[in-house]
Structures are given as C-alpha cells and as structure tokens.
Amino acid sequence: MRFEFVKCHGSGNDFPLIDARHLILSDRVWAQVARALADRRGPVGGDGLLLLAPGRDGADFAMRMFNADGSEAETCLNGLRCVARLGFEATDSDSALVSLKTSTATVERDAAVAPGVETIRETAGPAGLSLTDWPMHGIDGDRIVDAPVPALGSDRRFTAVTMPNPHLVAFVDAVDEAELVAIGTACEAAPDWLPNRANVSFVEVRGPDLFVRTFERGVGLTDSCGSAMAASSFAACLTGRLGYDAPITVFNKGGLVRARVARDAMVQLSGNATWEWSGSIAVDPDSGQAGDLTVDRHFDDEIAAWAKVADGVSRHR
C-alpha cells in the first residue's frame, strides 16, 4: 500500500501528514501506518501520524492523530495547524471548523510569527479540570490545582488539565529532564489509578512568558507539544502566575507559539505550520513495515525561515 504525504512540523513537533479524505482504512491499519512512518529508526520518522479526514457534524474537515505507538490522541494542537494548512489548500479557504476525536476547534490563517513562516491561529477548549474526564482514581476531590499527586511519589505540585487530552502541569524553577522523564514514564505505564495515561509538563515562568518541556503520552520526551503549551498557559492563568486575556509567548525546544487564554477557558495558539519535504512511501499494513521511499520536493525556503526562528529561541534559552 502506497501513501503520498508531506513531512511537516508545528513548533518542532514533526509529523508525516496524509490527505486521507478519500481513503477508507481500519483503525488497525492506520495504527500500523503510524508505527511505520513515525519510527525514528525508519525512513521518515516523527512524533506521530496526522490525517486530514472528512469533517463531521458540519465541520469543514477533520483531523486524526496517531501517536508513534499507534494509539490515537484526542487532539494535537501543533499538528492541527499543519492539518489546517493542508485543509485550507484542499478547500480553498482561510478559516475552518475542524472535527477532532472528541471535540472541535476553529482555525484561521494569521499574521506570520516571523518572515516567511506560514502561520495559523487555532482556538481550542474549553480546558477542563474534572478528574472524571481522565479518569483519575483514588484522588480526594474532583480536581487537582497546584497540589501534589500522591500516587506519583513526587513532592511536585501539579495542575490536572484536559485539552481535551490529559495533562499534568508542574511549575518549576528549572526543568530537570531526568525527573520529568521518570514521572512521565510512571504515567506512561498506565497504572490502575491512571488507566488512560497522561502528558506531563514541567514549566518555567519567565516574566510574561513560559518555557515548556513535555513527556508526551505515546511519544516520550518531545521537543514540543501543542496541547501541553495550551494546558500550561491555562494552568498559569488559573493559578495566578499569568493574566487572562494577555499575550503569552510559549517557548519550547522546538520553537515558540503565541498564546492567549480567555476567562471561559478557551485557549488560542498561533504558530507555524511548516512544510519540510513531500514524497510517497510503501507500507505493509500487516507487518507495519515501511518500504520504498520517494522524495518529490524539499521546501528549502520554509526550512530556512523556521531555522531563523529556532536559532533565536535557542539564544533565548
């Protein structure tokens, strides 16, 4: 089975992206394709697989996102910008309502975050605090806001947010990656108290801005996670560290996004949707193995434009 795709990234969160509006394949097959194409040891690599799919219930189109382990995520906001760009090109539009797995989001073209950078604004939410949505078992109360999670065995104080995928956000003086990986790995094991796992983020508040480092469910330590940046922005406003309706620049190892959190818990992110290269590849849906790869085009101008942004972010850190 052969697939045409574009290799893209949002704030350094990279994916193969397939226009699947006219492809009818089972979830099992898509999971196999995701494992094959997102495998960092393979010919493509990525944090997961993105699909542009037909819209539902009045939406203009839909996004599906499969993690590198083949599991399907509720959302991926860095990936959503890339899917939106492809959807805009397919439907000749500049804005859309997009179906996600369990929710919807609005997307529209936005002023460039830097010269030559294709930029899209997305609005998602509302961010949620109810632990029944996770679920999270054995916790006193129905929410966790800036408080320890006893089952983690850590003294860190977390805020539990759904975007609608689950996030545990801890504000730290300085990110300790080893500690982050240890806590993320404990959640990734899907213990009885956390059967659906969780994304875990350590966040530094830098004046009016944030720096976010995330262990992503189904992926591991990642340079960027859009929903984690949204959840972290919401948690920062909820706990009084930053203000609602104020501009926030959220930095990560992969780049940056502009964010704004409304008092109704809706979160805006504005960031890049960058094409790197396009091609086609054969995938055996039974074995989940990638085969022959053909590269058709490299988007050198877009790569160079984003490299300037990433270089600036690196100096900022």
Assess, by modelled atom type and distance only, whether the side chains of [X] and [Y] contain a donor and an acceptor separated by less than 3.5 Å.
X	Y	answer
Arg241	Thr239	yes
Ser201	Thr214	yes
Ser224	Asn78	yes
Arg81	Thr274	no
Asp60	Thr91	no
Ser270	Asp110	yes
Ser278	Arg297	no

Excluding sequence neighbours, so at least two apart, what forms salt bridge (Lys or Arg N to Asp or Glu O under 4.0 Å) with Asp47?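 Applying salt bridge (Lys or Arg N to Asp or Glu O under 4.0 Å) to Asp47 gives Arg40.
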Between the CG atom in Asp133 and the OG1 atom in Thr102, the distance rounded to the nearest 0.5 Å is 9.5 Å
So does [X] have more than 12 non-hydrogen atoms from other groups sitting under 6.0 Å from [atom1]?
X	atom1	result
Glu4	CD	no
Asp296	CG	yes
Asp292	CG	yes

Option passing side-chain contact (heavy atoms from CB on, under 4.5 Å) with Val172 (candidates Glu204, Arg157, Glu179, Arg213):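 Exactly one pass, corresponding to Glu204.
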Backbone N or O of [Y] within a donor-acceptor pair of the [X] side chain at under 3.5 Å?
X	Y	value
Asn67	Val219	no
Thr162	Asn165	no
Gln32	Asp286	yes
Asn196	Trp134	yes
Thr119	Val113	yes

Quick check on salt bridge (charged side-chain N to carboxylate O under 4.0 Å, His left out): which of Lys7, Lys308, Arg85 does Glu302 satisfy it with?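 Only one option passes, and that is Arg85.
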Using a strict threshold of under 4.0 Å (side-chain N to carboxylate O), is an ion pair present between Asp27 and Arg64?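 Yes, Arg64 and Asp27 are salt-bridged.
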With clusters defined by side-chain heavy atoms of hydrophobic residues (ILVMFWY) lying less than 4.5 Å apart, directly or transitively, does [Y] cluster with [X]?
X	Y	result
Val98	Val6	yes
Val33	Leu17	no
Leu210	Phe202	no
Leu50	Val44	no
Trp275	Val257	yes

(request) Considering non-hydrogen atoms only, spot the tightest contact between Leu221 and Glu177 and give its length. (result)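 Smallest heavy-atom distance, with atoms named: CD2-OE1, 3.8 Å.
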| Audit row: Thr249, Arg206, side-chain contact (heavy atoms from CB on, under 4.5 Å) steps and yes/no | CA-CA 10 Å; Thr249 301; Arg206 299 177 175 181; over 6 Å; no
Residue pairs meeting salt bridge (charged side-chain N to carboxylate O under 4.0 Å, His left out), one or both in residues 190-200, sequence neighbours left out, come to Asp69-Arg197, Glu188-Arg197
Worksheet item: Under the ring pair (Phe, Tyr, Trp, His ring centres under 6.0 Å) criterion, do Phe3 and Trp30 qualify, and how do the steps go?
Response: CA-CA 11 Å; Phe3 298 93; Trp30 281 126; 5.7 Å; yes
Open item on the list: Show, in sequence, the C-alpha distance, side-chain angles and deciding distance for Asp57 and Ser99, and conclude whether the side-chain hydrogen bond (donor to acceptor under 3.5 Å, both in side chains) test is met.
Closed with: CA-CA 8 Å; Asp57 301 325; Ser99 303; over 6 Å; no
From CA spacing to verdict: ring pair (Phe, Tyr, Trp, His ring centres under 6.0 Å), Phe299, Trp306:
CA-CA 11 Å; Phe299 296 84; Trp306 185 254; over 10 Å; no
